[in-house]
Chemist: 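So that we are looking at the same thing, I have put the structure below in structure tokens.
This structure is a prediction, so every number in the text was calculated from the model and none was measured. Computed from heavy atoms alone, side chains included, the values below leave out hydrogens, waters and symmetry copies. Position 1 is the first residue of the sequence, and the numbers go up from there.
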Amino acid sequence: YDDEGVPAERVDVVKEGKLEKMCLSRSPLKKLSGSTGHGRRPPGGGDLKASVGCLFVKDHNGVAPDKLKAALIEAAQAAGLEFGVRIKSLSPTGLDVGRPQAMMRMLMSSAGRGEGAAISDPVVAYKVSVKDGHEEPFRGCEFGPIRVAELKRIAVAGDTPRVYNYIVFGMGGASPPASIIAPPVLFEELELSKTEQEHDKPPILKAPASR
């Protein structure tokens, strides 16, 4: 049940690239009415609005991880580059992040509202060599604003979904928490710039789960 006491229901928002429905609360829109059980409040209270809880994204033509990497190498080679970039994970956007990072994301979200959406910084990133396919880890980079037009430049998607939990910060406060379950995707091009900051030294031992 949502915060208005309405049972939550599955909503097929987009089918075959076309917008079919929308997540709704009890507040009607101009052409739509009837809640789908998505009336939610942010943590700590605030204005109630229609918001997704779990967003599932799937490509019926998704490919295996090895084919996705091959497509990345092929695209980088066609563009005349020495390597492509594989982003394995992004920094969290939850309430557990530090205050400076939270304030910075609020400013980015406000400043980039007319230019595009802000996205979290990469945590684990690799340069994928076009020559032999070996991967070299690197860090100290951030994404520029993601514009809607760039979403049309997704070349291929994978078939293995990952879970990304987030809370969007803005000048008006935080949004209700949500989870996105989606496969990795290959963009033809995204803005990625270097950040000037000091980094913690990498751990000496591997994480227990990766040993």
Chemist: Closest heavy-atom contact between Asp159 and Pro65?
Modeler: OD1-CD, 4.0 Å
Chemist: If you measure from NZ on Lys127 to CG on Leu81, what distance do you get to the nearest 0.5 Å?
Modeler: 12.0 Å
Chemist: Same cluster for Val128 and Phe143 if Ile/Leu/Val/Met/Phe/Trp/Tyr side chains link at under 4.5 Å?
Modeler: no
Chemist: Identify the two heavy atoms, one from Leu48 and one from Gly39, that lie closest to each other, and give their separation to 0.1 Å.
Modeler: CD2-CA, 3.8 Å
Chemist: Just how far is it from atom CD of Glu74 to atom NZ of Lys67, taken to the nearest 0.5 Å?
Modeler: 13.0 Å
Chemist: Please find the pair of heavy atoms, one from Val52 and one from Ala178, that lie closest to each other, and give the distance.
Modeler: O-CB, 3.5 Å
Chemist: What's the separation between atom CG in Asp3 and atom NZ in Lys49, rounded to the nearest 0.5 Å?
Modeler: 13.0 Å
Chemist: Hey, any chance Ile181 and Leu90 share a hydrophobic cluster, counting ILVMFWY side chains that come within less than 4.5 Å of each other, even indirectly?
Modeler: no
Chemist: Quick one: are Pro184 and Lys88 in side-chain contact, heavy atoms under 4.5 Å?
Modeler: no
Chemist: Heavy atoms only: give me the nearest Gly133-Ile73 pair and the separation to one decimal.
Modeler: CA-CD1, 3.9 Å
Chemist: With heavy-atom distances below 4.5 Å as the criterion, would you say the side chains of Ser193 and Glu142 are in contact?
Modeler: yes
Chemist: Are any of the side-chain heavy atoms of Ile154 and Phe187 separated by less than 4.5 Å?
Modeler: yes
Chemist: Show your reasoning for whether side-chain contact (heavy atoms from CB on, under 4.5 Å) applies to Cys141 and Val85.
Modeler: CA-CA 11 Å; Cys141 59; Val85 173; over 6 Å; no
Chemist: Is any side-chain heavy atom of Pro177 less than 4.5 Å from a side-chain heavy atom of Arg40?
Modeler: yes
Chemist: Would you check if Leu192 and Pro122 make a side-chain contact, meaning some heavy-atom pair closer than 4.5 Å?
Modeler: yes
Chemist: Can you measure from CZ (Phe83) to CG (Leu72) and round to the nearest 0.5 angstrom?
Modeler: 11.0 Å
Chemist: Are Thr195 and Asp121 side-chain neighbours, meaning at least one heavy-atom pair lies under 4.5 Å?
Modeler: no
Chemist: Flag yes if more than 12 heavy atoms outside Asp47 fall under 6.0 Å of its CG atom; otherwise flag no.
Modeler: no
Chemist: List the atom of Cys23, the atom of Ala50, and the distance in Å for their closest heavy-atom pair.
Modeler: O-CB, 3.4 Å
Chemist: Heavy atoms only: give me the nearest Glu191-Pro145 pair and the separation to one decimal.
Modeler: OE1-CD, 4.3 Å
Chemist: Calculate, to the nearest 0.5 Å, the distance between atoms CG and OG belonging to Leu32 and Ser27 respectively.
Modeler: 13.0 Å
Chemist: Indicate yes or no for a side-chain donor-acceptor contact from His38 to the backbone of Thr36 under 3.5 Å, with no hydrogens or angles considered.
Modeler: yes
Chemist: Does one hydrophobic cluster hold both Leu19 and Val11, with members joined at side-chain heavy-atom distances below 4.5 Å?
Modeler: yes
Chemist: State plainly whether one hydrophobic cluster holds both Leu190 and Leu151, where clusters connect Ile, Leu, Val, Met, Phe, Trp and Tyr through side-chain heavy atoms under 4.5 angstrom apart.
Modeler: yes
Chemist: Inspect the surroundings of CD in Glu150 and state if more than 12 heavy atoms from other residues, nucleotides or ligands are less than 6.0 Å away.
Modeler: yes
Chemist: Are Arg153 and Glu189 side-chain neighbours, meaning at least one heavy-atom pair lies under 4.5 Å?
Modeler: yes
Chemist: Quick check for you: to the nearest 0.5 Å, what is the distance between Arg10 atom CZ and Lys21 atom NZ?
Modeler: 10.5 Å
Chemist: Take atom CD in Glu9; do more than 12 heavy atoms of anything else shown fall under 6.0 Å from it?
Modeler: yes
Chemist: Do Val130 and Val156 sit in one hydrophobic cluster, given that two such residues count as connected whenever their side-chain heavy atoms are within less than 4.5 Å of each other, even indirectly?
Modeler: yes
